[in-house]
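Numbering starts at 1 and runs along the sequence shown.
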Amino acid sequence: DGEAVRRYYRRRVDGQRRWIGELTGACAEVSGSEEYRSNAGGDEDEGRPINVREVPFYDMELVGVPALGYLGGRTFAGGGFERLVSFDDTADA
């Protein structure tokens, strides 16, 4: 029955939206804490909030570095994540 399937997906979407809201609220609370602000990773991170990034749902299994690299590049490029995934070969080991 088509209506039963629509209700099922509506419940799933509502549940996901609720958890996204919970996660967003928790991140905002932690970002505003003195402990978080005092543990910033330098001037670049000072005062930077923890962000929740919603990404598209892919109804397939993505396997292997090329597929995951493509997905990560399309999803997170330009969103301030470059500093987290870049390799700094000048850092002391």
Side-chain angles (χ1 to χ4, degrees):
D1 171 69
E3 184 58 32
V5 171
R6 278 190 286 280
R7 283 194 311 269
Y8 167 75
Y9 279 109
R10 201 171 309 128
R11 281 194 311 273
R12 287 192 63 186
V13 167
D14 291 344
Q16 290 172 354
R17 290 193 192 288
R18 183 175 64 85
W19 284 112
I20 289 170
E22 293 273 337
L23 183 60
T24 301
C27 288
E29 184 177 330
V30 170
S31 293
S33 73
E34 182 58 39
E35 181 179 5
Y36 175 79
R37 288 195 304 270
S38 68
N39 284 315
D43 293 339
E44 191 174 306
D45 284 338
E46 191 68 38
R48 183 178 291 208
I50 301 170
N51 296 312
V52 174
R53 178 85 182 244
E54 292 184 49
V55 297
F57 173 72
Y58 294 93
D59 192 16
M60 68 183 92
E61 184 177 3
L62 297 170
V63 179
V65 173
L68 295 172
Y70 174 79
L71 174 64
R74 300 292 295 169
T75 303
F76 298 108
F81 294 95
E82 291 81 8
R83 65 189 176 78
L84 299 176
V85 296
S86 64
F87 179 74
D88 182 5
D89 60 359
T90 63
D92 294 333

Spell out, as yes or no, whether a donor-acceptor pair under 3.5 Å connects the side chain of T24 to the backbone of G21. no

Taking all heavy atoms of C27 and all of I50, pick out the closest pair and write down the distance. SG-CG2, 3.6 Å

Would you say E3 has more than 12 foreign heavy atoms packed within less than 6.0 Å of its CD? yes

In Å and rounded to the nearest 0.5 Å, what is the CZ to CD distance from R17 to E54? 7.0 Å

Quick one: CZ on R53 to CD1 on I20, what's the gap to the nearest 0.5 Å? 13.0 Å

Closest approach of Y36 to V30 (non-hydrogen atoms, all atoms of both residues): CB-O, 3.1 Å

